[in-house]
Q: 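Okay, handing you the structure first.
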Amino acid sequence: MSLEPCEETAEHSALLKLLSALFYAGSSFLITVVNKTVLTTFRFPSYLCLGIGQMITTVIVLYAAKKSKTVQFQDFDKNVLLKIFPLPLLYVGNHVTGLASTKKLSLPMFTVLRKFTILMTMMLEAYILRKTFPKRLVYSVVTIVFGAMIAASSDLAFDVEAYTFILLNDAFTAASGVYTKKKLGDKGLGKYGVLFYNALIIVIPTVLASACTGDLHKAVTFEDWVKGTFVFCFLISCLMGFVLMYSIVLCSHYNSALTTTVVGAVKNIAVAYIGMFVGGDYLFSWTNFLGLSICMSGGLMYSYMTFNNKKPSGSDTGAQKLKLQISEESAGKYSMV
């Protein structure tokens with residue numbers, strides 16, 4: 001099969017694509033701030049239990065919606081596990097590493113290192129889906145990664161464990177985005193089924209893991225449960241966990257996995273700079289700030305070129321495309337189509 005250029009799906013209107021992208025950007029921004037408040041400001045000891053709360057909220061909301069016939073998705077049977085695999089594993093990995101890195105990193109460094117998700121998503125789509133990308137788009141990704149490396153190199157709060165978590169979170173996010181796009185094509189599951197069964201399948205093992213590691217005990221005995229402000233923030237975080245997952249699925253449904261990642265990068269521009277003043281854990285340095293700015297400018301270029309992509313003329317196609325060559329053997333082995 002010949003390589004095809006990277007293009008957004010054409011079956012949806014531009015308005016739906018834009019609105020779903022804005023919805024995801026807003027949801028992602030809000031949950032990052034709320035999670036940071038719960039985990040850092042209130043010092044809630046268990047990011048794992050916060051994730052459990054978000055999963056349980058997702059199950060309850062979608063189950064109630066299904067019972068009231070507000071939404072429809074496939075009833076549970078043995079085929080559901082086969083249809084949705086490996087999304088639950090990717091989802092829990094993404095959720096846990098994301099919350100862990102949110103707790104351990106300052107907001108600006110969190111958003112900078114999240115930029116590696118773009119590169120990973122591009123590589124997965126090229127390797128698995130056999131897509132190609134315009135040179136200028138690849139150059140913008142290089143700019144983003146270059147800026148991220150400069151910013152990270154001068155991180156005065158360098159933490160090996162935190163950096164490991166955030167890079168794992170990037171990998172899980174990229175893989176989850178590509179596979180979500182694939183699973184959304186299953187008419188039996190649909191976007192609501194993907195959300196519901198993801199949360200339902202992994203919530204019990206996550207609770208057991210939390211109990212075995214002592215995280216659940218730390219969460220239950222947390223002293224701020226008597227404070228109304230903490231309880232309010234915790235409940236908002238749980239609700240926003242559901243809203244975020246829905247916005248990701250919706251954005252992936254109307255756009256591509258790569259576009260969803262791009263939207264996350266745009267959102268990070270606001271989060272990174274606001275994080276210098278909110279959270280109290282950003283240690284300023286000019287090298288870090290320069291790298292952050294380069295990273296953000298690359299994100300802007302990337303986003304602009306993605307949402308304003310125009311097909312090059314026939315004579316310029318070869319000059320404007322950077323084809324990521326893949327052997328037929330590898331393509332045949334790893335292709336998802």
Side-chain angles (χ1 to χ4, degrees), residues 27-58 91-114 151-152 155-170 172-173 199 202-203 205-245 267-268 270-285 288 292:
S27 301
S28 183
F29 171 79
L30 289 175
I31 195 172
T32 300
V33 174
V34 173
N35 283 345
K36 193 65 178 175
T37 301
V38 172
L39 295 171
T40 301
T41 304
F42 286 101
R43 300 184 182 278
F44 184 64
S46 175
Y47 56 83
L48 195 59
C49 288
L50 183 60
I52 292 171
Q54 295 172 353
M55 296 173 203
I56 292 175
T57 302
T58 299
Y91 177 86
V92 71
N94 185 29
H95 216 75
V96 171
T97 56
L99 290 172
S101 54
T102 298
K103 181 177 181 179
K104 294 177 178 295
L105 286 170
S106 66
L107 275 176
M109 287 311 304
F110 173 82
T111 55
V112 164
L113 294 175
R114 283 287 290 164
D155 183 12
L156 301 180
F158 181 80
D159 185 328
V160 174
E161 184 181 6
Y163 274 49
T164 300
F165 272 123
I166 192 64
L167 291 177
L168 284 174
N169 184 230
D170 291 343
F172 278 122
T173 301
I202 64 178
V203 68
T206 308
V207 170
L208 293 176
S210 176
C212 292
T213 58
D215 254 24
L216 188 59
H217 177 72
K218 292 179 182 178
V220 171
T221 58
F222 183 56
E223 58 190 23
D224 282 355
W225 283 115
V226 296
K227 295 181 179 180
T229 52
F230 168 74
V231 173
F232 176 76
C233 289
F234 184 88
L235 293 177
I236 291 297
S237 176
C238 291
L239 181 61
M240 285 305 302
F242 161 70
V243 173
L244 175 64
M245 290 311 302
K267 175 270 303 182
N268 286 343
V271 174
Y273 287 106
I274 290 176
M276 294 180 182
F277 307 98
V278 176
D281 56 355
Y282 176 69
L283 303 178
F284 181 85
S285 76
N288 183 278
L292 186 66

Q: Mind listing the closest non-hydrogen atom pair of L216 and C49 along with its distance?
A: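 Shortest heavy-atom contact: CA-SG, 3.7 Å.
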Q: Within the 4.5 Å heavy-atom criterion, are I31 and V243 side-chain neighbours or not?
A: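 No - every pair of side-chain heavy atoms lies 4.5 Å or more apart.
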Q: Might you work through the side-chain hydrogen bond (donor to acceptor under 3.5 Å, both in side chains) test for S210 and D215, ending with a clear yes or no?
A: CA-CA 5 Å; S210 176; D215 254 24; 5.0 Å; no
Q: Checking T37 side chain against V33 main chain: does a donor-acceptor pair fall under 3.5 Å?
A: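 Indeed, once roles are kept as given, a pair shorter than 3.5 Å links the two residues.
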Q: When the ring planes of F222 and W225 are compared, do they come out parallel, tilted or perpendicular, using 30° and 60° as the limits?
A: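 The arrangement is perpendicular - the two ring planes meet at more than 60°.
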Q: Starting at CG of N169, measure out to OG1 of T164 and round the result to the nearest 0.5 Å.
A: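 Here the rounded value is 12.0 Å.
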Q: Taking side chain as C-beta onward, heavy atoms only, is I166 less than 4.5 Å from T97?
A: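 No - every pair of side-chain heavy atoms lies 4.5 Å or more apart.
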Q: Working note: D224 + F234, criterion side-chain contact (heavy atoms from CB on, under 4.5 Å); need CA distance, chi angles, decisive distance, verdict.
A: CA-CA 11 Å; D224 282 355; F234 184 88; over 6 Å; no
Q: Taking all non-hydrogen atoms of both residues, which atom of V38 and which atom of S237 are closest, and how far apart?
A: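 Distance-wise, the nearest heavy atoms are CG2-CB, 4.5 Å.
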Q: For the residue pair C238 and Q54, what are the closest heavy atoms and their distance?
A: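 For C238 and Q54, the tightest heavy-atom pair comes out as CA-CG, 3.6 Å.
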Q: With side chain to side chain contact (heavy atoms under 4.5 Å, CB included) as the test, pick out the partner of M240 among L30, N35, L235, T32.
A: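 Output: one option passes, namely L30.
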Q: How long is the span from the CG atom in L50 to the SG atom in C233, to the nearest 0.5 Å?
A: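 If we round to the nearest 0.5 Å, L50:CG and C233:SG are 11.0 Å apart.
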Q: Quick check: closest heavy atoms across V203 and I56, and the distance to 0.1 Å?
A: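 Taking V203 first and I56 second, the nearest heavy atoms are CG2-CG1, 3.7 Å.
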Q: How long is the span from the CG atom in L239 to the OG1 atom in T57, to the nearest 0.5 Å?
A: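 Reported to 0.5 Å precision, the distance equals 7.0 Å.
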